Amino acid sequence: MKILFIAAEAAPFIKTGGLGDVIGSLPKALNNERIDTRVILPLYSKIDKEKYNLNFLKYVFINLGWRNLYCGIFETKLNGVRYYFIDNEQYFFREKIYGEFDDAERFAFFSKAAIEILPHINFRPDIINANDWHTALSIVYLAILKDKSYEYFSRMSSVLSIHNIEFQGRFNCELLDTLFDIEKKYHNALIYDSDVNLLKGGIQLADRINTVSETYAQELMYPYFSFGMDRILKIEKNKLLGIVNGIDYQVFNPNKDKNIYFNYSKTTYKEKVKNKLELQRELEFEVNPEIPMIGMVTRLTDQKGINLVLEVAEQILDMGTQLVVLGTGDKHYEILLKELEKRRKDKVRALIMFDAILSSKIYAACDIYLMPSKSEPCGLSQLIAMRYGAIPIVNRVGGLKDTVQPYNLETKEGTGFTFESFNAYDMLYAIKRCLDVLYYDKASWNKLIKNAMGYNSRWKKSAQKYLEMYKEIEKTDFIS
Ligand code: GLC
C-alpha cells in the first residue's frame with residue numbers, strides 16, 4: 001500500500017505546532033510498518049535546503065483559474081521517508097508560513113499542485129491523506145479529476161485528518177471559480193453558512209475523516225467544541241474516526257536529549273531533580289529541590305486556558321510553587337503574563353518566545369506540567385511531559401482525557417491529575433490535590449513519576465490504527 005501525506009508543515013523542516021510534530025513522525029511510523037509513505041510540503045524560505053539535502057527534480061506548470069503557475073519540485077529522504085517540496089517563491093518566500101493576506105490562494109495552489117504533480121514524480125498512492133484546512137482542497141481537486149475519469153487518479157482514495165477544527169479556511173464565495181478554479185458542480189460541497197469553507201469541502205468529499213483522539217471525535221458532535229461544524233459532521237459521522245496521536249520516542253527522550261542538563265530514564269528518574277536545580281539557577285529563582293516547579297510550554301491563546309492560570313495565579317504561587325511559562329500568542333496574554341512576572345519576580349518567569357532547547361529544559365526540570373485547555377484535539381505536550389516525568393494536570397477534554405489517567409491514591413494507578421470543568425477554581429483544586437501528594441506522600445509521588453514515564457505514547461499502536469482505516473477504505477472501494 002502507498003500513502004501520500006499532504007500538509008502545511010512537518011518537523012524538522014518547518015514546524016509551528018502539533019501538526020508539524022505529527023507529520024514529522026506518523027509517516028515514519030507507517031514506513032516502519034512497511035508502508036511506502038511519502039509527504040508533500042510547500043518549500044518555504046525558512047526550510048534549509050542545504051541542511052536537508054533537497055534536490056531539484058523538475059518543474060511543471062499548474063493551472064489555477066486564469067493563472068498558469070510555476071511549480072518547482074524538490075525532494076529529499078529523511079529517516080527513510082521521502083519528502084517532496086513544492087516551490088513557488090511568490091507564494092512561499094514569506095516571513096510567515098500562515099496568516100498572509102492571500103493564504104486562500106497560496107494553499108489552493110499548493111493543494112492542487114500536490115495532486116497534479118503525482119504523474120510527474122511517478123508516484124501513485126492508494127490513499128492521499130490531507131491535513132487541516134490548508135490542504136483540504138486537495139481532496140476536492142482529486143474528486144474532480146476522478147470525476148473526469150483520469151485513469152491515473154481513478155483508484156486513489158482520500159482521508160482528511162482534522163488536527164484542530166477551530167481553523168477552517170473560510171473565505172468569500174466569490175473566490176470559488178476565479179481563485180479556486182472549482183467548477184459549479186462542486187460549489188455546494190464547499191459552501192457552508194454563506195462562506196466558502198475549505199475544511200467542510202474536505203469533510204464532505206473525503207472517503208474517511210479522522211481526528212486526533214477518540215474523545216475529540218465525540219466532542220465534535222457538539223457546538224461547544226465544533227466551532228459550527230457539528231451540523232456537517234453529524235451528517236458525515238459514519239466516516240469519522242478518532243485516532244490518538246503519538247510522539248517520536250527518538251526526538252523526545254530524556255535519556256538522550258542533548259538540550260537538557262542531566263539525562264535520566266524511568267529507572268534513574270531521581271536524577272531528574274538536578275535539572276530543576278540548574279533551571280532554577282538559570283532563571284535566578286531560589287535554588288531548592290523542595291520547591292515544586294510548574295511548567296507550561298504553550299501557545300498563549302484562549303484555547304489553551306491561559307485565562308484560568310492568570311485568574312488564580314497568586315493562589316497557585318502562594319501554595320509555594322515556582323511557575324515557568326514558555327510560548328507566544330495573543331498580545332494581551334503576553335502582557336498579563338509579563339505583568340505577573342514583574343509582580344512575582346521571585347517565583348514567575350514568562351518567557352515570551354519559541355525555543356526548542358528551553359522547552360526541553362522545562363519538561364526535564366518541572367515537577368508538574370499544567371495544561372488547562374478549554375478544548376484539546378489531542379495535545380502533545382502532556383505526552384512529552386509524562387515521558388519526562390513531569391506530572392500533568394489537565395482539563396478532562398479531548399486527547400487530554402484519553403491520555404492522562406487520574407491518579408488513584410488507593411490503587412496507585414494513573415499518571416496525573418484532572419479536573420472536570422473549565423473553571424479556574426476547579427483547576428486550582430486539582431493543583432492542590434497534586435501538591436498534597438508531592439509534599440506529604442513521597443512514595444505516591446515517585447510511583448506517579450514511574451507511571452507517567454512508563455506511559456506508552458509510541459506511534460506504533462496509532463500507526464496501526466491508521467493502517468486499519470486505510471485498509472478499510474480499500475475494501476469498501478473494491479466492493480463499490
Ligand atoms: C493541533 C491540536 C493539538 C494536536 C495537534 C496535532 O495543534 O491543537 O491538540 O495534538 O494539532 O494533531
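Worth saying up front: this structure is predicted, and the values here are computed from it rather than measured. In listed order, ligands and their atoms are each counted from 1.
- Scored by the ring-ring contact (aromatic ring centres under 6.0 Å, His included) test, Tyr44 finds Phe92 as partners (sequence neighbours excluded).
- Heavy-atom contacts of Val212 reach the following atoms of ligand 1: 12 (O) (cutoff under 4.0 Å).
- Residue Gly379 places a heavy atom less than 4.0 Å from ligand 1.
- Ring centers of Tyr84 and Phe74: at least 6.0 Å apart, outside the cut-off.
- Sorted by first then second residue, the ring-ring contact (aromatic ring centres under 6.0 Å, His included) pairs that include residues 127-146, not counting sequence neighbours, are Tyr98-His134, Phe107-Trp133, Phe107-His134, Trp133-Phe171.
- Only the side chain of Asn245 comes within contact range of ligand 1, with a heavy atom under 4.0 Å; no backbone atom does.
- Side-chain atoms of Ser213 and Asn245 include no donor-acceptor pair closer than 3.5 Å.
- Applying the 4.0 Å criterion to heavy atoms of Asn164 picks out, from ligand 1, the atoms 8 (O).
- For Asp193 and Arg231, the salt-bridge test passes: some basic side-chain N is under 4.0 Å from an acidic carboxylate O.
- What sits closest to atom 2 (C) of ligand 1 on the protein, heavy atoms only, is His163 O, 3.1 Å.
- Residue-to-ligand polar distances keep Val22 apart from ligand 1: every N/O pair is separated by 3.5 Å or more.
- Of the protein's non-hydrogen atoms, the one nearest atom 3 (C) of ligand 1 is Glu376 OE2, 3.4 Å.
- Under a cutoff of 6.0 Å and an axis angle of 45°, Arg38 and Tyr83 do not form a cation-pi pair.
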